[in-house]
Amino acid sequence: MGGEHEQPGRQGLYDPRNEHDSCGLGFVAHIKNRKSHEIVRQGLDILIHLEHRGATGADPDMGDGAGILIQIPDALLRSEAKKLGIVLPELGSYGVGIFFLPTDPQVRAHCEKIVERAAAEEGQVFLGWRDVPVDHNVPGPSVRALEPVIRQCFVGRGVGIADQDGFER
């Protein structure tokens, strides 16, 4: 009955007829859990070479929202936060969120206040916002008109949160 590469039969939401719809995925890690820029470079190289990552469109300059997931680059963010007058607590006691916000300043300010309020309601300490550096020359003109404002927020662990696991939940 079974070959080594036989697909499972139809069950639940799975249907083998849709198997061709799978999107690309890559994974890079250091076997000894060492952080390095080389790992990030390899992850970006995989991303560049994946033809189909989940979304396609008629405009080849339009991104599909694909990216890489990395550990918090503490030294970089600590340096950038310091320039803004933001003091970050020790690694593991702060989080970083990234937001794609409206270009209208009033609407953006409203959205930011919602984030700040949500952090406080969860017992966390909102530390501040950082504008993410963006190369506006990369996307084509049809994309530039739709570009959001990209900002990071820093949130510190509240006093009522016992440990890093509780903070991450």
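Every value quoted in this text rests on a predicted model; they were computed, and no experiment measured them.
Between the side chain of R78 and the backbone N or O of V87, no donor-acceptor pair lies under 3.5 Å. In this structure a side-chain-to-backbone donor-acceptor pair under 3.5 Å is present from R108 to T103.
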As a quick check of understanding, evaluate side chain to side chain contact (heavy atoms under 4.5 Å, CB included) for E112 and L101, giving each step before the final call. CA-CA 8 Å; E112 290 169 352; L101 297 162; 3.6 Å; yes
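Looking only at side-chain heavy atoms (C-beta outward), V155 and L127 stay at 4.5 Å or farther from each other. Counting heavy atoms from C-beta outward, P148 and P102 have side chains that stay 4.5 Å or more apart. Looking at heavy atoms from C-beta onward, V96 lies in side-chain contact with L77 at the 4.5 angstrom threshold. Counting only heavy atoms from C-beta outward, the side chains of S93 and F167 never approach each other to under 4.5 Å. Inter-residue side-chain proximity for I68 and V40 is flagged as met; some heavy-atom pair is nearer than 4.5 Å. When side chains are defined from C-beta on, V134 counts as touching E147, because their heavy atoms get closer than 4.5 Å. Using a 4.5 Å cut-off on side-chain heavy atoms (C-beta onward), L47 and D45 make no contact.
Counting non-hydrogen atoms of other residues, nucleotides and ligands closer than 6.0 Å to CG of N33 gives a total of 12 or fewer. Residue E122 places its CD atom among 12 or fewer non-hydrogen atoms of other residues, nucleotides or ligands, all under 6.0 Å distant.
Considering all non-hydrogen atoms of both residues, F126 and A119 come closest at CB-CB, 4.4 Å. Across all non-hydrogen atoms, the minimal contact from I39 to A29 is CD1-C, 3.8 Å. Nearest heavy-atom pair, G166 versus I161, reported as atom, atom and distance to 0.1 Å: C-CG2, 3.5 Å.
Residue pairs meeting the ring pair (Phe, Tyr, Trp, His ring centres under 6.0 Å) criterion with at least one member in residues 80-102, sequence neighbours excluded: F99-W129.
Between I70 atom CD1 and K35 atom NZ the span is 10.0 Å, to the nearest 0.5 Å. Separating the CG atom in D15 from the CZ atom in R10 is a distance of 4.5 Å, to the nearest 0.5 Å. The line from CG of D131 to CD1 of I150 is 10.5 Å long, rounded to the nearest 0.5 Å. We find the CD-NE2 distance between Q42 and H37 to be 10.5 Å, quoted to the nearest 0.5 Å.
Hydrophobic clustering of Ile, Leu, Val, Met, Phe, Trp and Tyr side chains at less than 4.5 Å, counting indirect connections, unites L91 with I86. A continuous path of hydrophobic side-chain contacts links I72 to L84 [ILVMFWY only; heavy atoms under 4.5 Å].
Applying the side chain to side chain contact (heavy atoms under 4.5 Å, CB included) rule to I114 yields the partners H110, R117; only residues at least two apart in sequence or on another chain are considered. For E80, the side chain to side chain contact (heavy atoms under 4.5 Å, CB included) partners are L76, K83, R130, not counting sequence neighbours.
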